[in-house]
Colleague: 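Below you will find the structure I want to go over with you.
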Amino acid sequence: MKITRREMFLGAAALAAVLAGATWYIVDKKVDEYASRATEIEKLKQQISYHQNAIKMQENWLGELNDLQKDLRVFDAKQRSVAPDLMKTIKAISDKYGLDITRNNPRSEKPTGDLFELGINCTWEGNLDSMVGFLTALQQQGLRYDVRSLNVKPIGTATGRLGGNMLIMCAYTRKPMDAAE
Amino acid sequence: MRIRDKIITAACRTPGDIEWTTLKIKQDGTESVQQGCIPLPVPEEEGADENLNHIQLPAEVGETLKGDLTVALRTSELLMRTMELPTADPAEIAEMVSFQIDKMSPFPVDQLAMSHEILRTTETSAQVLMVAAKRESIDAIGDTFVQKGVRIHSIDARVLGWLQLIGDDGKLSDEACEVVIINDGMDFVLVVMLEGVPVAFRSLHTKLDDEGVIDELVYEIGYTFTTLDLEHELPAPAAIHFWNNAKTHAFLKVKLAEKSGIHVLHHDLDDLPPLSEGIVRRAQKDSVHIELIPREWVEHQNRKKLQRQFNILAGSITTVWLLVLLIFFAIYKVRDIKLSRVQERANAIAPAANQALENREKLKALKVYTDRSDSSLECLREVTSLLPSGDIEFVSYSYTKGKGVTLRGTARSSDIVNNFFSTLARSELFTQLKDQSVTTKTTKGVRRAVFSVTLVLPSKEEQ
């Protein structure tokens with residue numbers, strides 16, 4: 001093969017250009033992946049740090065959580081609906097204080113692990129004493145019940161009768177029967 | 001790019017072998033010399049007269065002769081002529097040499113390999129040695145070596161190698177005119193030297209053993225001086241230096257002195273280094289010296305050199321490219337590995353972390369149940385306890401945990417309502433009073449103040 005110096009440099013330049021093009025073709029496809037990996041690593045590191053903190057902090061409040069959960073009612077994990085049981089209990093308390101719950105409307109369960117919350121909207125009638133007594137009794141149940149909203153209106157004029165509705169949130173746990181207390 | 005060591009090798013035919021000298025010049029400037037002989041496969045008697053183009057080279061030639069190889073030709077195979085040219089410009093000299101050789105050679109220029117060597121220059125002229133050899137002879141030598149895998153870099157003249165060694169040995173006069181006769185067994189040559197510079201070369205076709213050798217030598221000397229007298233005003237030769245590598249032929253020396261009338265000095269070529277060393281010394285010179293290389297060979301070498309440069313350049317570019325890609329992929333792989341490790345770590349703690357987070361959510365949910373500070377009962381107690389005495393009653397009481405209480409009612413007068421609002425505003429349970437409204441209305445002839453207010457509870461974030 002006979003080549004001149006000029007052809008040699010042209011050949012070398014062409015080779016360099018081809019290789020540069022190949023480099024661009026190969027690298028360009030990988031650069032985005034490379035950058036996204038960096039972002040992913042950073043996100044994972046933040047997640048790890050967040051998780052580590054959560055695990056570490058758990059030591060501070062795990063005891064408190066266990067103490068709180070002890071007071072909750074435990075239902076069988078297989079039990080389809082706990083609303084009737086809860087409404088029965090609420091009805092029993094209201095009856096005890098002369099508060100007439102005319103309508104119960106349970107909402108859907110909200111699970112957090114084995115902890116469940118269920119809201120029951122109760123329409124009631126009674127007087128101030130029966131209402132205060134009922135609320136006090138619920139409060140004495142500890143963290144099983146919590147009244148999230150309460151609407152009170154007088155019924156009639158100067159009858160002393162009150163009526164309205166309230167949303168009672170019930171907290172309980174669901175566990176397998178043999179583990180249930 | 002690494003500068004390689006330079007290797008110059010010269011190879012010269014002797015009656016029984018090829019003797020060689022290799023000079024290795026390292027990058028730091030140090031030189032090392034190696035010498036040796038490669039025995040020829042042909043018997044001495046049969047092949048002594050054959051030059052390099054007619055002999056069968058031994059196989060080890062290819063392994064032994066390294067670097068830029070220079071071989072030397074006999075004077076009998078060369079057309080050698082010195083001439084004073086009326087210029088000192090190398091380019092003009094080169095042109096004139098071509099013209100002069102064309103003039104004196106019986107062969108056309110295209111059948112010759114030509115070269116020249118500037119022996120001495122003045123401001124306006126130069127004494128030049130012109131040398132030509134038949135191309136077929138040069139090509140045959142080249143082919144002989146190529147068959148053994150060796151490419152000849154340059155071709156010199158044996159006699160010039162000997163003159164180099166003799167001159168280096170201090171055996172040439174810088175002032176007088178002398179005759180140097182060299183017989184090394186391969187070449188029998190007569191050289192006329194003037195002030196240390198050769199002015200004429202004559203190849204002698206006789207042998208020392210011939211009966212008429214003295215007469216022949218005397219005739220050649222006389223003839224040479226006669227022809228030279230036309231060009232130079234030569235003084236009478238001061239001495240004849242007779243160099244050969246055989247034992248002294250005393251009778252020849254005496255006879256030659258008698259017949260020529262010139263003082264004869266005999267020297268032994270064995271006292272000098274090998275001829276190949278003389279050729280190497282010449283090849284090492286930077287100045288222009290005899291290089292009987294056809295243009296095609298030079299072009300071939302240049303092409304080969306260029307191709308080597310191209311290969312190196314292309315190889316370097318490819319290597320750099322591969323290196324760049326390698327580095328990129330290494331960095332990419334390192335990040336990949338790093339990601340995998342981080343992912344593994346994240347996966348390892350994820351179950352425990354998820355459990356912890358779930359527990360936190362549970363605790364957060366339960367905390368709402370345990371926090372009775374703003375419970376419905378507490379708000380009811382606070383509102384009723386702050387109710388001022390007098391004719392004031394609620395029409396509605398609306399409580400939402402975490403947000404507040406909205407009250408609507410009526411009072412006998414707006415003063416009572418305002419007092420009630422003032423008292424509520426001082427309550428520590430509520431952060432603020434919003435949407436306060438007091439209007440006075442008359443219904444069925446009874447004038448009453450109708451009010452409404454929203455009592456805001458502390459938000460969970462604030463807590």
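Residue numbers start from 1 in every chain, and the chains themselves are labelled A, B, ... in the order their sequence lines are given, proteins ahead of strands.
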Colleague: Quick one: which of A:Leu135, A:Leu143, A:Leu150 has the most heavy-atom pairs under 4.5 Å with chain B, could you say?
Modeller: A:Leu150

Colleague: Is it the side chain or the backbone of B:Val342 that comes within 4.5 Å of chain A heavy atoms, both, or neither?
Modeller: both

Colleague: Give me the contact list for residues 50-58 of chain A versus chain B, heavy atoms only, anything under 4.5 Å, ordered by residue number.
Modeller: A:Tyr50, A:His51, A:Gln52, A:Ala54, A:Ile55, A:Gln58

Colleague: Under a 4.5 Å heavy-atom cutoff, which of B:Leu357, B:Leu377, B:Val405 has the most pairs with chain A?
Modeller: B:Leu377

Colleague: Name the option with the most non-hydrogen atom pairs under 4.5 Å to chain B; the candidates are A:Leu162, A:Val31, A:Asp71, A:Val27.
Modeller: A:Val27

Colleague: Please name all residues satisfying side chain to side chain contact (heavy atoms under 4.5 Å, CB included) with A:Asn66, sequence neighbours left out, ordered by chain then number.
Modeller: A:Leu62, A:Gln69

Colleague: Counting only heavy atoms closer than 4.5 Å, note whether B:Phe328 contacts chain A via side chain, backbone, both or neither.
Modeller: side chain

Colleague: Looking at chain A, which one of B:Asp336, B:Thr370, B:Leu325, B:Thr406 has the largest number of heavy-atom pairs inside 4.5 Å, strictly under?
Modeller: B:Asp336

Colleague: Which atoms of B:Leu380 come close to chain A, meaning under 4.5 Å heavy atom to heavy atom: side chain ones, backbone ones, both, or neither?
Modeller: side chain

Colleague: Would you call the rings of B:Phe420 and B:Phe451 parallel, tilted or perpendicular, taking 30° and 60° as the class edges?
Modeller: perpendicular

Colleague: Can you say whether B:Glu393 sits under 4.5 Å from chain A via the side chain, the backbone, both, or neither, judging by heavy atoms?
Modeller: neither

Colleague: If you tally heavy-atom pairs under 4.5 Å against chain B, which of A:Leu72, A:Val147, A:Leu138 wins?
Modeller: A:Val147

Colleague: Checking the side chain of A:Arg161 only, and the main-chain atoms of A:Gly156 only, is there a donor and an acceptor separated by less than 3.5 Å?
Modeller: no

Colleague: Just jot down the salt bridge (charged side-chain N to carboxylate O under 4.0 Å, His left out) partners of B:Arg412, sequence neighbours excluded, or say none.
Modeller: none

Colleague: Got a second to check how far B:Leu455's CG is from B:Cys379's SG, nearest 0.5 Å?
Modeller: 8.0 Å

Colleague: Side chain from CB out, backbone as N, CA, C, O: work out which of these in B:Arg372 comes under 4.5 Å of a heavy atom of chain A, or both, or neither.
Modeller: side chain

Colleague: Does the ring of B:Tyr369 carry A:Arg148 above it, NZ/CZ under 6.0 angstrom from centre and within 45° of its axis?
Modeller: yes

Colleague: Is the closest side-chain donor-acceptor distance between B:Gln307 and B:Asn311 under 3.5 Å?
Modeller: no

Colleague: So, does B:Lys401 use its side chain to make a donor-acceptor pair with the main chain of A:Asp146 at under 3.5 Å?
Modeller: no

Colleague: Would you mind checking which part of A:Ile26 comes under 4.5 Å of any heavy atom in chain B, side chain (CB onward), backbone (N, CA, C, O), both or neither?
Modeller: side chain

Colleague: Determine which residues belonging to residues 106-126 of chain A lie within contact range of chain B, meaning some heavy atom pair is under 4.5 Å apart, and list them by number or answer 'none'.
Modeller: A:Thr112, A:Gly113, A:Asp114, A:Leu115, A:Glu117

Colleague: Regarding A:Ser130 and A:Asn127, is there a side-chain donor-to-acceptor distance under 3.5 Å anywhere?
Modeller: yes

Colleague: I'd like to know if the side chain of A:Thr39 reaches the main chain of A:Ala35, judged simply by a donor and an acceptor atom lying under 3.5 Å from each other, with no hydrogens or angles considered.
Modeller: yes

Colleague: Pick whichever of A:Met131, A:Glu33, A:Arg5, A:Lys45 has the most heavy-atom pairs under 4.5 Å with chain B.
Modeller: A:Arg5

Colleague: Is it true that the side chains of B:Asn347 and B:Gln343 contain a donor and an acceptor less than 3.5 Å apart?
Modeller: yes

Colleague: Less than 4.5 Å to any heavy atom of chain A: does that hold for the side chain of B:Thr318, its backbone, both, or neither?
Modeller: both

Colleague: Verify, without hydrogens or angle tests, whether A:Arg103 (side chain) and A:Asn165 (backbone) share a donor-acceptor contact under 3.5 angstrom.
Modeller: no

Colleague: Do B:Phe421 and B:Val438 come close enough that some side-chain heavy atom pair is under 4.5 Å?
Modeller: yes

Colleague: Between NE2 of B:His153 and CG of B:Leu69, what distance do you get to the nearest 0.5 Å?
Modeller: 9.5 Å

Colleague: Measure B:Phe329 against the heavy atoms of chain A and call it side chain, backbone, both or neither at under 4.5 Å.
Modeller: side chain

Colleague: Report which part of A:Gln47 has an atom under 4.5 Å of a heavy atom belonging to chain B: side chain, backbone, both, or neither.
Modeller: side chain

Colleague: I need the A:Thr89 OG1 to A:Tyr172 OH distance, nearest 0.5 Å.
Modeller: 12.0 Å

Colleague: With only heavy atoms counted, which part of B:Ser375 is less than 4.5 Å from chain A, the side chain, the backbone, both or neither?
Modeller: side chain

Colleague: What option among B:Lys367, B:Arg341, B:Arg381, B:Lys403 has the most heavy-atom pairs under 4.5 Å with chain A?
Modeller: B:Lys367

Colleague: Please report the interatomic distance CZ(A:Arg73) to CG(A:Asp85), rounded to the nearest 0.5 Å.
Modeller: 6.0 Å

Colleague: Which one, A:Ala20, A:Gly164, A:Ala38, leads in non-hydrogen pairs under 4.5 Å with chain B?
Modeller: A:Ala38

Colleague: Can you tell me how far CZ of A:Arg174 sits from CG of A:Asp76, rounded to the nearest 0.5 angstrom?
Modeller: 8.0 Å

Colleague: How long is the gap from CG on B:Asp143 to CD1 on B:Ile152, to the nearest 0.5 Å?
Modeller: 9.0 Å

